[in-house]
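Below, chain A is the first sequence line, B the second, and so on; all start at residue 1.
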Amino acid sequence: MDKWILIDGNSIANRAFYAMPPLTNSAGLHTNAVYGFTTMLLKLLEEEKPTHVLVAFDAGKITFRHEGYSEYKGGRAKTPSELSEQFPVMKDLLKAFGIAQFELAGYEADDIIGTLTRRADEQGVETLVVSGDKDMLQLVSPKVTVAVTRKGVSELEKYTPEEMAEKYGLTPQQFIDLKGLMGDASDNIPGIPGVGEKTALKLLHEYGSVEEVLAHTHELKGKMKEKIEAHKDDAIMSKKLATIFREVPLEQEADDIRYGGYEGAALAEAFRKLEFKSLLERLELGAGEGGAAAEGVRPEAELAVVAIKGDADADKLQELVAALQDGAEHGLYVEAAGENPHIADVLGLAVAAGGQVYAMTLDTLQAPFAEPLRSWLADPDKPKFGYDTHKADLALAWQGIPLRGAAFDVQLAAYLLDPTDGSQTLTGVAQRYGLPGVQPDEAVYGKGAKFKVPDEETLLRHLAAKADAVLRIAPLQRDDLEKTGMHKLFYELELPLSRILAGMELQGVKVAKEELEALGAELERGIADSVARIYELAGTEFNINSPKQLGEILFDKLGLPIVKKTKTGYSTDAEVLERLEPYHDIIPLILHFRQLAKLQSTYVEGLLKEVRPDTGKVHTYFRQTIAATGRLSSQFPNLQNIPIRLEEGRKIRKAFVPSEAGWYILAADYSQIELRVLAHISGDERLKEAFIHDMDIHTKTAMDVFGVSAEQVDANMRRQAKAVNFGIVYGISDFGLSQNLNIPRKEAAQFIEQYFDVFQGVKQYMDDIKMQARKDGYVTTLLERRRYLPDIKASNFNIRSFAERTAMNTPIQGTAADIIKLAMVRMDEAIKDRKLKSRMLLQVHDELVFEVPEEELELMKQLVPQTMASAIELDVPLKADVNYGVNWYEAK
DNA sequence: ATTTACGAC
DNA sequence: TGGAAGTCGTAAATG
């Protein structure tokens, strides 16, 4: 039994383009439409198992429809270049799939498909038409089903004659009449003005066709009658335009669209170029199940692995340890299961050495006979090439196995080479370098709740594949780091920092539980009180934490004005609530409740959950490969967003205490580091001057922007100037500033103009950096950290504007991140050199936190800010302020 | 799993 | 025409 699938290529590509988020490969080629199209195609091939497949495309701009009606498809926006550049790619991909594609001058894809379905009807071949457009419904027949995309492209809604009757009460033929009456704005088919789907359906149910409707206009009345009589000709022409032409002179025959399955190698190559990682993985997974195997993909099964299983294999371990003495580079992979390395299970490890790959589970590594291997792991002078050695370091440390001597890290390198590429999985990195052969973790372990450690054989093979991949990828990445000028950044900053971070994390921060619990009890009382008063004012009980329920109370029950909506309902965020304050006494209570609930759930209960019962400490995990600007991030718990702005929240900091009696918490933070960085990289003389004289930068900005003297700057002027300075750092827009200051956009625009008038060097920098981003496709920080901005040339204003703000912000935020990282490396050295007992505990973007014994207090008060200020020499001085106290709260 | 809201710099 | 502030992580509700 034959089965045909006929796809409207243009229509699906369009749908995919607008439904998918923007996606580009590293060459800057947009790929989202191709991606959406491909996932749909793969799904169709798998589910429908067709014998024949065709993708039809529109050819050229002028079709026979324009002969009678030159306005056809008029007024349509030009296809954006982000989409049009994807058509050739899509056509190439179809070749790799081995799928036929037709286009014929003067005809649209619809007509080609219409002609083929006529043949299918005649021959009685079961056929599925796939389109993003309901126009195709006129082709439905007992043999022909039409599937229309719904929500993006992944879901299809199929129509048979029965379903059409059920849903519209129309035959396929009548669908043409429907369009004749109501028209189609997207094709510029007029129809009858004022007649929409509702009216058109009513008329057709009554009279059956356009012709019959027009013959019976005397039976109609009112406005509708007038309109229809006035636009009879339009209706007739619209029906003609909407009719798919089913007699296209096609030379091809059924055999020309026969589909014999794709050839894996060609497809894999195409996916690789497009950087469709997940699809590539799917292809490789499918290969094991009898699908076409991609050429050049060496399955893990074929890797020779030396499995070391307990002391029965002591001889193999000896062989490994011997191989590790060869002075060559060795690959190491440690598998830690779970996101949090402080509580992760170490499943095992693999070492690539001497042309072999050895692998073992944790049991074996911990056995007495493995001591020589553990010595190698602990030896800082035995260089290791690894993947996420930071996580490995922590996970092993908690098992009592020290790891030192990371000399290369594939994950860290992948991050520097493209920090916006969210997942630097080994599978993905290997693929990018054309070294496939690492199964995705998901395929080996399953995902989410279904996580399961496979049998030892499979596990060790997987670990071995990773260690092998690490060793082969590292030299390639090293070249790339060299080429992009990030060699030094990698070896002298990021790699040393990763070990320093691990040390800080293992040290942990002591938490005074009783302090948190007391605060929690206080919050509990406040919350209970707020809840009772809110229920009373609302006249009912509800879940205040539910934005949905809260919205219903505020806007439906109490009838407060709707300020803003989210895509799912009413917005109830703080900004909205603040605007509603004048309308109802319940609002301040809700704001207060929100504040207390946040502190309770996130900072009291959340933090308490993370405290280790044995040590009373929290051990955060600083992630070095997440933030696109080069900043660190902090997890489990996040110690970079502990409250400080409001006093109620700030009290949380009283719970962060030194881990030794009589010690102090010492915190030092950079003063205005981002604006100082801006002064340096923009070279703006006035801004530099301000910092050289260590002026209050917001006051100084107010003086210059408002043209007044220092004495004339009032609190409000300073506040506005401060907002402008923030805006400058973020890549300003008048709208953003107007929102922030709650002033009209015009005024905000004026502020910005005045600012740029005064700080012309800054203005110049903002223009230059955008131009540079357009020219190079990326921006860099002072230490050559790089961030690609493929969207900088987008035609969509929003997308392009976002990229432009990123271009302005990233060098500033990123350079600040570079500087504090440098300071951390220097501080670590200083502490070691002077053999101090003081410990670095935390980094909070512009702040470093230490615990310090009393006898080192005076020294550290000098050393820390001095080291931070001299981490790098800029055209303006850097400055760090220092404070200390018996807890983090007091270090202010 | 996604959305909303909110804490930090 | 309007769009529309940079970087993160966590908790709770809800699909």
Looking at A:T806, I'd like to know whether one of its side-chain N or O atoms comes within less than 4.0 Å of OP1 or OP2 on C:dG6. no

Taking only side-chain N and O atoms of A:S546, does any of them lie within less than 4.0 angstrom of OP1 or OP2 on C:dT14? yes

Starting at atom [atom1] of [X], determine the distance to atom [atom2] of [N], rounded to an integer number of angstrom.
X      : N      : atom1 : atom2 : answer
A:F735 : C:dA5  : CZ    : C1'   : 10 Å
A:N725 : C:dA5  : CG    : P     : 19 Å
A:I812 : C:dA5  : CD1   : C1'   : 13 Å
A:L632 : C:dG9  : CG    : C1'   : 14 Å
A:Q843 : C:dT7  : CD    : P     : 17 Å
A:R623 : C:dC8  : CZ    : C1'   : 12 Å
A:I544 : C:dT14 : CD1   : C1'   : 18 Å
A:L550 : C:dT14 : CG    : P     : 11 Å

Minimal non-hydrogen separation, [X] against [Y], with atom names:
X      : Y      : answer
A:F17  : A:N32  : O-ND2, 3.0 Å
A:D791 : A:A803 : C-CB, 3.7 Å
A:G761 : A:D684 : N-OD2, 2.7 Å

Nearest to side-chain heavy atoms of [X], which nucleotide of [options]:
X      : options              : value
A:S601 : C:dA12, C:dG6, C:dC8 : C:dA12
A:R787 : C:dT7, C:dA13, C:dC8 : C:dT7
A:N809 : C:dG6, C:dA12, C:dC8 : C:dG6
A:I626 : C:dT7, C:dC8, C:dA13 : C:dC8

What is the per-nucleotide protein-contact pattern of nucleotides 3-9 of chain B, from the 5' end, where B denotes a base atom under 4.0 Å from a protein heavy atom, S denotes such proximity for sugar-phosphate atoms only, and - denotes neither? SSSBBSB

Are A:H390 and A:Y621, when compared by the centres of their aromatic rings, separated by less than 6.0 Å? yes

Which part of the nucleic acid, if any, lies within contact of [X], taking any heavy atom under 4.0 Å across all strands shown: a base, the sugar-phosphate backbone alone, or nothing?
X      : answer
A:Q549 : sugar-phosphate
A:A597 : nothing
A:N796 : nothing
A:G731 : nothing
A:F636 : sugar-phosphate
A:S634 : sugar-phosphate

Charged N to carboxylate O below 4.0 Å: is that the case for [X] and [Y]?
X      : Y      : result
A:E82  : A:K793 : no
A:R718 : A:D696 : yes
A:R525 : A:D529 : no
A:E851 : A:K617 : no
A:D818 : A:R785 : yes
A:K564 : A:E575 : yes

Given DNA chain C, 5'-ward residue of the pair A:R805 and A:S801, judged by closest heavy atom: A:S801

Which is more 5' along DNA chain C, the nucleotide nearest A:R800 or the one nearest A:T810? Just name the residue. A:R800

Looking at DNA chain B, which of residues 740-756 of chain A put a heavy atom within less than 4.0 Å of it? none

If the P atom of C:dA4 is compared with that of B:dT4, how far apart are they to the nearest Å? 14 Å

Using distance only, find each side-chain donor-acceptor pair of residues 732-755 of chain A under 3.5 Å and give its atom names and separation, not counting sequence neighbours.
residue: A:S733; atom: OG; partner: A:G736; partner atom: N; Å: 3.0
residue: A:S738; atom: OG; partner: A:F735; partner atom: O; Å: 2.7

